[in-house]
Amino acid sequence: MMAPAPPAGETLTVLGIETSCDETAAAVVQRAGDGSGRVLSNVVRSQWEEHRSFGGVVPEIAARAHVACLDDLIAEALRTAGVEFAALSGIAATAGPGLVGGLVVGMVTGKTLALAGAKPFLAINHLEAHALTVGLTEGLQPPYLLLLVSGGHTQLLLVRGVGRYERLGTTIDDALGEAFDKTAKLLGLAQPGGPAVERAARDGDERRFDFPRPLMGRADPHFSFAGLKTAVRRRAADLVPLSQQDVADLCAGFQAAAMDAVADRVGRAMTIAEDRLGPAAPRRLVVAGGVAANKRLRAGLDTLVTTRGYSLHIPPAALCTDNGAMIAWAGAERLARGSVDGLDAPARPRWPLDAHAPPAIGAGVKA
Ligand code: KG4
Ligand code: ZN
């Protein structure tokens, strides 16, 4: 719903709460009247230990773990920021997409604080928060092309403005981070799998195995990683027992194939974005989500952006993985535009950024 926008030039101080998956996070962010942002605190507690023995995130355990620590994290975020609760301009919480139990914990907490303090409440789309983070970190404003690569999502989005997103591509099976996590699991590496696979790949030869580059050359910039993961599993099964060098080479081969495919898909999306935005639009590629921390991805995209005349923008790792600062920032951007939510705003486990996007090819498409 729309509320009167705060006076132009007013500094907004927003608390952000993130509980959509297996990270509990709270942060305080300030948006100055000129639109620039500053992180005053950013507290994250990962739940990997709670889920480790199950080999993946268990929704019920995640929701309980959020309940157990969220109040303390919020207090810590305010204390570290040196901000009194009374001084907050608004409360933002992730409303979706994500695991419903965790979303409800964050939403109820955020709404309660908003009600108690008579402050505006902002129900934030987690993907929008990833999409807008470069506004906080480097003042970059839309339009830009966004590659969002995390454990739950792999999307290419044309970001035309705050609240204006066009999905150009998505994955037809696994998310990229998920493919890293599953590959790590099948090779006996630690979770989260992305950093473990990247570390192992450093000592590996990426040319020893010729893994498939899924969907490479296809016109639509969609993604697929399930076939690649299966190819890695087959090769690994042939080689059992695996030496340390085998594991390193399998990791390097998987990573190179995945990243080559990503660079190819991004190249396609660049062509579409240029067509839709027109020749005068700035050529900018933004990467967000946990996999943005991967150096091999960065190297592949560096080559691509140079060839295509783009600038490359990747937030620092702590703001690429799930965090509360990005939620607070998206809240501040919305609040500055007078767009706030009622206390009846629902949690939305499925909440695509572009509700009009046509389905991708294949079955099991993720929104
Ligand atoms: O954005 P994020 O923190 O949480 C989600 O919203 O999913 O992303 C977590 C994902 C995990 O799948 C993790 O394995 C992956 O990001 N990841 C990486 C790296 N660091 C984290 N994948 C590849 N290379 C990395 N260095
Ligand atoms: Zn995320």
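Both counts, for ligands and for their atoms, begin at 1 and track the order of listing. FYI, side chains are in, hydrogens and waters are out, and symmetry mates aren't considered; it's all heavy atoms of this structure.
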Return yes if a side-chain donor-acceptor contact under 3.5 Å exists between [X] and [Y], otherwise no.
X	Y	answer
Arg45	Thr24	no
Thr271	Arg308	yes
Ser224	His222	no
Asp354	Gln155	no

Aromatic ring pairing Phe209/Phe211, orientation class (parallel under 30°, perpendicular over 60°, tilted between):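 If you compare the ring of Phe209 with that of Phe211, the planes turn out parallel.
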Does the residue Cys21 have a heavy-atom contact with ligand 1, meaning some pair of atoms that are separated by less than 4.0 Å?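 In this structure, Cys21 fails to qualify as a contact of ligand 1 - no heavy atom is under 4.0 Å.
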Decide whether an N or O pair under 3.5 Å exists between [X] and ligand 1.
X	value
Gly194	yes
Asp322	yes
Gly289	no
Gly290	yes

Assess whether a salt bridge exists between Arg235 and Asp246, defined as any Lys/Arg side-chain N lying under 4.0 Å from an Asp/Glu carboxylate O.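 Not counted as a salt bridge, because no side-chain N and carboxylate O are separated by less than 4.0 Å.
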Is a salt bridge present between Asp205 and Arg207, judged by a nitrogen-to-oxygen distance below 4.0 Å?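 A salt bridge links Asp205 with Arg207.
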Which residue and heavy atom of the protein sit nearest [atom], plus the separation:
atom	value
atom 15 (C) of ligand 1	Val291 CG2, 3.9 Å
atom 24 (N) of ligand 1	Asn294 ND2, 2.9 Å
atom 10 (C) of ligand 1	Gly151 N, 3.4 Å

Is the distance from the ring center of Phe180 to that of Phe225 below 6.0 Å?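 Centroid separation for Phe180 and Phe225: 6.0 Å or greater.
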Report the angle formed at the Zn ion (ligand 2) by atom NE2 of His126 and atom NE2 of His130, rounding to the nearest 10°.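 That angle works out to 90° after rounding to 10°.
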Heavy-atom pairs closer than 4.0 Å: do any link ligand 1 to the side chain of Asp181, the backbone, both, or neither?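 The side chain, only.
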I'd like the atom name of the N/O/S atom in Asp322 lying closest to the Zn ion (ligand 2).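 Going through the N, O and S atoms of Asp322 one by one, OD1 ends up nearest to the Zn ion (ligand 2).
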Which of the ligand 1 atoms, numbered from 1, are nearer than 4.0 Å to a heavy atom of Ser150: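 Those qualifying, in numeric order: 1 (O), 5 (C), 6 (O), 7 (O), 8 (O).
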